[in-house]
Amino acid sequence: MALIRKRRLTEQQQRRIDKQHKARQEEIETSHDLEGLVVQHYGRQLEVQALSVPEPHPEKPIVAEGEPEPFWKPIAIGSVWRCHARTNLELLVTGDRVKWQADPNTGLGIITAIHPRQSLLTRPDRYHKVKPVAANISLIVIVFAPLPEPAPSLIDRYLVACADANIPALLVLNKSDLLQEHDPILTLLDEYKTLGYESLICQAKGDLSALHERLDGETVAFVGQSGVGKSSLINAIVPDAEQKTNIISENSALGQHTTTSTRLISFGQNGALIDSPGIREFGLWHLNADKIREGFPEIASHLGHCQFRNCTHTHEKQCALKNAVVAGEILPRRLESYLRLNEEIQDAQQKS
């Protein structure tokens, strides 16, 4: 059987096709757009929660006696619709406020526009491209627990990401029922509190009133190692969230991934919770040295005071950072974390 060779388009032909496609997109009437909120992402499709309804509301078709009842989905505040987005829009993520249109005859919709974002949380993906995670977040909750064993370097990475996105962070020590007397994790928490970071201690099956009060009115992203109980906390705060939970792997003592896509769950009057897929590392290679410094405020104040301008902060005798460590003004592990992150971005820049 002879192979049929696919015709290769010239650049001019491709531009013409793209122009025609864009023109068809722009032909969509937008005067009847509704307000919506992206609550979950499924590849090319998104789930949008209706925040407004059309006036007048489309009327359900009248069916003659004996005829089958056609499909019809009324447009109601809070109803969730599976939608496609216009191809000329940037990549949409959970938390985006959008303009959209609904088709009650099919139960589907189309997103026509996106409102300006107040904030955007991003992270690099496995292909070394920056991937948006969630939008319009007002608070990032960094969850850690006695089990799996906390990784301070990962917490530092989250704090750098928070500083880069200009989003406040709340450190939550979960599974407090597993704490031992003089537990080292309490010392870890105190260290972050001394640095000025807000924190809470709780357990999903215990009293969560303090956490409830802190999250009221916020759009919150939950991040942290897999298995630290992010989904369990969300289930406790919003019982009908139906988030899947899992147990810690007895073989690896590492968390098992249970959340597969970032999802927004309404909470209280004006708040929302976002659960993101659990990750064990949070790459920051796409940031520069200035961005990394913002995540280490106690280190930033000492930079520029070393004897040598090109000080590596590793072996030089008159290093302001090393002297600050000796004086107890900088934690040794924090300096190590800072230097490791800077080394990562330098390696990434050399490879690019």
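The side-chain hydrogen bond (donor to acceptor under 3.5 Å, both in side chains) contacts involving residues 139-148 comprise nothing, where partners must be two or more places apart or lie in separate chains. The salt bridge (Lys or Arg N to Asp or Glu O under 4.0 Å) analysis of residues 133-148, with sequence neighbours excluded, yields no pairs. Residue pairs meeting the salt bridge (Lys or Arg N to Asp or Glu O under 4.0 Å) criterion with at least one member in residues 87-101, sequence neighbours excluded: E35-K99, E90-R117, D96-R117.
Salt bridge status for E198 with R214: present, with a side-chain N to carboxylate O gap under 4.0 Å. A salt bridge between R340 and E336 is present, with a side-chain N of the basic residue lying under 4.0 Å from a carboxylate O of the acidic one. Between D156 and R333, at least one side-chain N (NZ, or NE/NH1/NH2) sits under 4.0 Å from a carboxylate O, which counts as a salt bridge. Salt-bridge check for E344 with R157: passed, with a basic side-chain N closer than 4.0 Å to an acidic carboxylate O.
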Taking only distance into account, with no hydrogens and no angle test, what donor-acceptor pairs under 3.5 Å do side-chain atoms of residues 131-147 form with protein atoms, sequence neighbours excluded?
from: N136; atom 1: OD1; to: Q118; atom 2: N; distance (Å): 2.7
from: N136; atom 1: ND2; to: G95; atom 2: O; distance (Å): 2.9
from: S138; atom 1: OG; to: E218; atom 2: OE1; distance (Å): 2.5
from: S138; atom 1: OG; to: T219; atom 2: N; distance (Å): 2.9
from: S138; atom 1: OG; to: T219; atom 2: O; distance (Å): 3.3

Under 3.5 Å donor-acceptor pairs involving side-chain atoms of residues 55-67, not counting sequence neighbours:
from: H57; atom 1: NE2; to: I75; atom 2: N; distance (Å): 3.0
from: H57; atom 1: NE2; to: I75; atom 2: O; distance (Å): 3.2
from: K60; atom 1: NZ; to: E69; atom 2: OE2; distance (Å): 2.9

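No donor-acceptor distance shorter than 3.5 angstrom exists from the side chain of K175 to the backbone of C202, with no hydrogens or angles considered. Here the side chain of N174 pairs a donor or acceptor atom with the backbone of V228 at under 3.5 angstrom. Within the 3.5 Å criterion, the main-chain N or O of C319 finds a donor-acceptor partner in the side chain of N323. Listed for the N166 side chain is no donor-acceptor partner under 3.5 Å among the backbone atoms of C162. The backbone N or O of V223 lies less than 3.5 Å from no partner atom in the side chain of Y158, so there is not a single donor-acceptor pair. Here the side chain of D183 pairs no donor or acceptor atom with the backbone of L186 at under 3.5 angstrom. Although no hydrogens or angles enter the test, the distance criterion places no donor-acceptor pair under 3.5 Å between the side chain of S337 and the main chain of R334.
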Under the criterion side-chain contact (heavy atoms from CB on, under 4.5 Å), I'd like the reasoning laid out for H313 against N342: C-alpha separation, chi angles, the key distance, then a yes or no.
CA-CA 11 Å; H313 316 299; N342 275 282; over 6 Å; no
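Under the side-chain hydrogen bond (donor to acceptor under 3.5 Å, both in side chains) criterion, E316 pairs with T312, sequence neighbours left out.
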